[in-house]
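These notes are about the structure you will find just below.
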Amino acid sequence: MNAAIKTHVMDWAKYTIEEWLKQYGAYIQICRMESGNMPDNLGINQIYWLICENNKDYGSRKNQIMCSISDDEAEEIRKLIIDIQFSDRICQSAKVAVRLFIEKNVRGLSLSQMEREFKLSKSSINNMVYCGKYYLCGHDKRLKIS
């Protein structure tokens with residue numbers, strides 16, 4: 001008897017690279033909230049939005065996004081990030097720029113937050129994020145830019 005093997009084909013055209021990374025960041029946050037299992041059979045997104053509704057007074061939600069990627073898609077994005085980190089084909093200065101681009105989008109950091117965390121000027125960070133974006137999309141032709 002032949003066992004059917006389910007393979008997932010990633011549709012990279014579904015989102016831009018920024019959107020993929022932001023979705024991955026939302027996926028990571030949801031996984032942190034799950035703690036291994038879903039309480040009371042509520043979807044984790046529902047719990048997330050209920051928490052946000054209860055915390056209305058603690059800041060705006062303009063940067064929050066709803067996670068709409070599957071586990072397989074998140075795994076493909078994780079593989080892409082790891083491939084970039086450990087690739088011998090990319091020089092160290094380009095890796096820094098790509099890492100800043102990934103950090104900005106996955107973690108949802110502003111330039112001011114990045115300035116404080118990475119101890120660089122806003123213009124330097126902005127330039128490196130811009131370069132990292134184009135370098136990453138040039139390195140992997142599956143990715144698209146907005």
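Heads up: numbering here begins at 1 and tracks the sequence.
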For [Y], is there any backbone N or O sitting under 3.5 Å from a side-chain donor or acceptor partner on [X]?
| X | Y | answer |
| --- | --- | --- |
| Asn127 | Ser123 | yes |
| Asp140 | Leu136 | no |
| Glu18 | Asn105 | no |
| Trp20 | Ile77 | no |

Return the [atom1] to [atom2] distance between [X] and [Y], rounded to the nearest 0.5 Å.
| X | Y | atom1 | atom2 | answer |
| --- | --- | --- | --- | --- |
| Cys91 | Tyr135 | SG | OH | 5.5 Å |
| Leu109 | Glu117 | CG | CD | 6.0 Å |
| Trp12 | Cys137 | CH2 | SG | 10.5 Å |
| Ile17 | Leu143 | CD1 | CG | 4.5 Å |
| Ser87 | Ile82 | OG | CD1 | 13.0 Å |
| Asp71 | Glu76 | CG | CD | 12.0 Å |

Smallest separation among heavy atoms of [X] and [Y], with atom names:
| X | Y | answer |
| --- | --- | --- |
| Gln85 | Lys95 | O-NZ, 3.2 Å |
| Lys141 | Gly138 | NZ-O, 3.0 Å |
| Leu120 | Glu115 | O-CG, 3.0 Å |

(Q) Using the rule given for side chain to side chain contact (heavy atoms under 4.5 Å, CB included), can you reason through Leu21 versus Lys133, listing the C-alpha separation, both sets of side-chain angles and the distance that settles it, and then say yes or no? (A) CA-CA 11 Å; Leu21 293 172; Lys133 170 183 172 179; over 6 Å; no
(Q) Below 30° counts as parallel, above 60° as perpendicular, anything between as tilted: where do the rings of Tyr24 and Tyr27 land? (A)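 Parallel: the ring planes of Tyr24 and Tyr27 meet at under 30°.
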Q: Apply the side-chain contact (heavy atoms from CB on, under 4.5 Å) test between Met114 and each candidate in Lys104, Lys122, Lys119; give the one that qualifies.
A: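 The residue from Lys104, Lys122, Lys119 that satisfies side-chain contact (heavy atoms from CB on, under 4.5 Å) with Met114 turns out to be Lys104.
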Q) Taking NZ, NE, NH1 and NH2 as the nitrogens, is one of them in Arg78 or Glu75 under 4.0 Å from a carboxylate oxygen of the other? A)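 Salt bridge between Arg78 and Glu75, a charged N being under 4.0 Å from a carboxylate O: yes.
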Q.
Under 4.5 Å between side-chain heavy atoms, counting indirect links through other Ile/Leu/Val/Met/Phe/Trp/Tyr residues: same cluster for Tyr130 and Ile145 or not?
A.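 Yes, one cluster joins them.
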Q: Assess whether side chain to side chain contact (heavy atoms under 4.5 Å, CB included) is satisfied between Lys14 and Glu73, documenting all intermediate values.
A: CA-CA 11 Å; Lys14 186 176 173 182; Glu73 291 171 327; 3.2 Å; yes
Q: Could you give me the CA-CA distance, side-chain angles and deciding distance for Tyr15 and Lys22, then say whether side chain to side chain contact (heavy atoms under 4.5 Å, CB included) is met?
A: CA-CA 10 Å; Tyr15 297 114; Lys22 288 175 184 177; over 6 Å; no
(Q) Determine whether Leu80 and Arg142 satisfy the following criterion, side chain to side chain contact (heavy atoms under 4.5 Å, CB included), listing intermediate values before the conclusion. (A) CA-CA 11 Å; Leu80 173 72; Arg142 301 172 297 177; 4.1 Å; yes
